[in-house]
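Worksheet: one structure, shown below.
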Amino acid sequence: MTLLPPVSGVTADSLLDGLNPQQREAVTYRGPALLIVAGAGSGKTRVLTHRIAGLIASREAWPSQILAITFTNKAAAEMRERVGALLGGAAEGMWISTFHSACVRILRREAEHLGYTQSFTIYDSADSKALIRRIVKELEADLLGFTVPSVQGRISKLKNELVDPDEFSRQASDRDPRDAMFLDIYRRYERELRRANAFDFDDLLGQTVTLFRAFPEVAAKYQRRFRHVLVDEYQDTNHAQYALIRELTKRVEPKDVPLDTRTELDAEGGIEGASLTVVGDSDQSIYAFRGADIRNITDFERDFPGARVVLLEQNYRSTQNILEAANAVIRNNFDRVDKKLWSADGAGEKIVGFTGYSGHDEAQFVADEIHRLHDTGVAYGEMAVFYRTNAQTRALEEIFIRSAVPYRLIGGTKFYERAEIKDVVAYLMATANPADELATRRILNSPKRGIGPATETALWDFAQKRDVPFREAMRRVDEIGLGPKVTRAIVELTRLLDETAAALDPDRPTGAATVGETVHALVAGSRYLEVLMASGNPQDEARAENVEEFVNVAKEYDKNNPDGSLVEFLTEVALVAAADELDDESGSVSLMTLHTAKGLEYDTVFLTGIEEDLIPHRMAAQEPGGAAEERRLFYVGITRARRRLYLTLAMTRAQFGESAVAMPSRYLDEIPTELIDWRVSPLDATSRGGTQPRALNARRGEWEGRGGRRPVGSEAYSTAGGYGRVGPGDAEARPQGERGYSSVRFRDADAGRETRNASKPKQKWINEVTGQVRDNSAMELERGDRIRHVDFGEGTIRAVTGTDAKRIAEVDFDTAGRKKLLVKLAPIEKL
DNA sequence: GGCCCTGTTCTTTTT
DNA sequence: GAACAGGGCC
């Protein structure tokens, strides 16, 4: 244990400056268990960091006795930094990490107890899916109706509940052939993981619990070390995580106390359990679908008798209008402890509502507002766009690119999920962990070496017959009697992997190869990059770029972690979360799902796609408790906004390439009318008795009272066939938006007349914005030029900025208002 | 063994 | 409208 560095100037008192009474209580309370019920924006990170800093500043704890668990790596990094800032750099030795990272750290040290080596690999969900696919195929389980995702989901659920195959067989009916089959799959899956010296995501938690339960003396090591355990986002913990916390905070029995311990002993010679602090908000529990159990937080006081509960209700983030909307929505969830967020900051601006004709129309509105706000001084990085499903990004991205909105997608199809990256990672896994058969099989034929399924099966059969690992079968390929070409290919691959692995030996004369060198050796040695670059296919070129990017990531890792190892690098790669990609200084608008948004905050938030079947999502609405969870998700979205909140939706939404009618979300009804300033309300867009929720119907009078809202294009629109339920009545109620949003779409592009091709097939509408791929790079434009845009009609160039592919034209359209366009891609022509 | 075509299914959210 | 699996063909 290191000596505490001087804690200059920090006193327990100074850490309380600027905190409200509840926050102070949460920082200073000392006892075995503390639950901090922290409403959105109530300063819980501040409380947690001050609590940790206080423990250290007052010398109640060494940094190494602190274990703080957060939801994402980014949150962990932020907390570490903030504690460090409070203490002047004394955060060394603390464990601040995610559940998964903490478990990996423990498992690496203790792997032998579980029959693993410390270089085990971690299977992400794609990896375990691949493994399950193989098993389902081998057992022909699909004949019994098993699908890969269903099996994967079920196994994950069982693991989260700490139910292993043996336990499952006790619960299962022995008559049901489906249960028997599933048990077979589960058993085989577990066996394969073990053989591969690999853990899946759920194992990281579950196996750590198993380890602690099976080896109390091992558990005691950690129980003694961590005197203060703090858990953030406690409402989203699952059973395995709960069990882990319980294990970590258990009293150490006298028999497990080592003789040389310096920890204080209790009366019987044991060591009392660590003190536990959990922070959470049951209104923000949004991960039940992956096993999070809200009872962990609601039953906390029962689980930990004598626990103190502190409520943080004052919100320091949002305006009162935003909070009122949030409160009004969440109030509809029954069986919750009533909690009301309040702010001392004043009402603020109204929430802005907008209904577009289509998802593209909605996206255009968002893009225009982003530009408008940016012009008034709001930084792009202070704005975020949220959506329920990743599929919604398509329309947003298309419009954002065309409108020259600088944006960043958070999550979605992640870099590390790309096939080419997974391939390179598989090379690394096979190098670091030769037992990893799945990784080895993955790279067997990529790049193509003429090793097909037949050869793979031959290798596998050989391995089975001789009872040797797959990799050994590869080394002995000449004994199998395959064709000379195939044999040579396998010999070469095996040599590459073995030689690269040998270079990792630290006792090598030149020292162990770095991660960057290892990646380079594999990518070059396998000719993976070379083959991609030579293919001439533009998609392959993009893949090659990704691989090069990955090589750079590895080099960067070397620079930042001089003592890092390949195994540690792989761990980091496996455990990156969507939110970790966030870069505060990127200067772009962030796009992400509502789930990813948890724990973040922005000056301006756009909540898009606020429609039935999207939020609440069609799939979720069926599940027990699903509707309530969806409402919490919506609540989380609202409470991310500091000053400005937009709620947007569309009348029609593209799904499966088809356009479908969308209805306003029921949650919109739950927000008091006076809080929302509808630029275009759903009522304007869709009224025709009976199809929309009643409350929106009831608001109708308000709109009818206003003048100047005659619809444009109603005639043409009304004759349009094939639009599902969007019929004449809908069009009649459709106004011309005050600023011309959406209505432009109903006009003829050149004249603004109401003749827009009503009789054309609906494809025409959908493709209008998305369809054209063009390149206007050569178009010369300057101030004063007149142009015509497919959607916005004619306009005058106001300014042109940027160069080449990033040239942006600011245009005053005659009817559609001012817009920014990316010249290269905009559907425009010069007049 | 590899390529290309077709049909199918899919979309809820993620460590 | 894409990604993927399966089948047919070279």
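Residue numbering restarts at 1 for every chain, and letters A, B, ... go by the order of the sequence lines.
- Looking at Asn546(A), its side chain never comes within 3.5 Å of a backbone N or O of Arg543(A) through a donor-acceptor pair.
- The cationic group of Arg108(A) lies under 6.0 Å from the six-membered ring centre of Phe120(A) and within 45° of the ring axis, placing it in a cation-pi geometry.
- Between His617(A) and dT12(B) there is a side-chain N or O to OP1 or OP2 distance below 4.0 Å.
- With distances taken from any side-chain atom of Phe656(A) to the nucleotides dT12(B), dC3(B), dC10(B), the minimum falls on dC10(B).
- Considering only side-chain N and O atoms, Thr593(A) lies nowhere under 4.0 angstrom from the phosphate OP1 or OP2 of dT12(B).
- For the pair Arg449(A) CZ and dG1(B) P, the interatomic distance rounds to 15 Å; values are reported in whole Å.
- Within the nucleic acid shown, Arg133(A) comes within 4.0 Å of sugar-phosphate atoms alone, with no base atom in reach, counting heavy atoms only.
- Side chains of Glu233(A) and Gln235(A): a donor on one and an acceptor on the other come within 3.5 Å.
- Residues Tyr189(A) and Tyr123(A) place their aromatic rings such that the two centres sit no closer than 6.0 Å.
- Residue Arg388(A) places its side chain closer to dT12(B) than to any other of dA2(C), dT12(B), dG1(B).
- Both tests pass for Arg441(A) against the ring of Phe470(A): distance under 6.0 Å to the centre and angle within 45° of the axis.
- The gap from the C1' atom of dA5(C) to that of dT12(B) amounts to 23 Å, rounded to the nearest Å.
- Remark: the His100(A) side chain and the dT15(B) base include a donor-acceptor N/O pair separated by less than 3.5 Å.
- The aromatic ring centres of His595(A) and Phe289(A) sit less than 6.0 Å apart.
- The CD1-C1' distance, from Ile615(A) to dT11(B), rounds to 15 Å in whole Å.
- For Asn445(A) and dG2(B), the shortest distance from a side-chain N or O to OP1 or OP2 is below 4.0 Å.
- Dashed line: the shortest gap from a side-chain N or O of Asn390(A) to OP1 or OP2 of dT14(B) is under 4.0 Å.
- Checking dT14(B), dT12(B), dT15(B) against every side-chain atom of His595(A), the shortest atom distance belongs to dT14(B).
- A straight line from CD1 of Ile286(A) to C1' of dT14(B) spans 10 Å, rounded to a whole angstrom.
- Both Leu575(A) and Glu456(A) lie near DNA chain B, and the one whose nearest nucleotide falls closer to the 5' end is Glu456(A).
- Checking dT12(B), dT15(B), dG2(B) against every side-chain atom of Lys448(A), the shortest atom distance belongs to dG2(B).
- Going from atom CG of Asp613(A) over to atom C1' of dT13(B) covers 16 Å, rounded to whole Å.
- Nucleotides dT11(B) and dG6(C) are separated by 23 Å at their C1' atoms, to the nearest Å.
- We find that CG of Leu205(A) is positioned 13 Å from P of dT15(B), with the value rounded to whole Å.
- Here dT14(B) presents its C1' atom at 12 Å from CD of Gln241(A), a figure rounded to the nearest Å.
- Here Thr72(A) lies out of heavy-atom contact (under 4.0 Å) with every strand.
- Between Thr596(A) and Ala391(A), the residue anchored nearer the 5' end of DNA chain B, judged by the nucleotide with its closest heavy atom, is Ala391(A).
- Residue Phe99(A) is classed as having no contact, given no heavy-atom separation below 4.0 Å to the nucleic acid.
- Of the candidates dG1(C), dT15(B), dT12(B), dG1(C) carries the atom nearest the Arg394(A) side chain, counting heavy atoms from C-beta on.
- Atom pair Asn73(A):CG and dT14(B):C1' shows a separation of 13 Å (rounding to whole Å applied).
- Atom CE in Met619(A) sits roughly 17 Å away from atom C1' in dT14(B) (whole-Å rounding).
- When distances are taken from the side chain of Arg290(A) to each of dG1(C), dT15(B), dT12(B), the shortest belongs to dT15(B).
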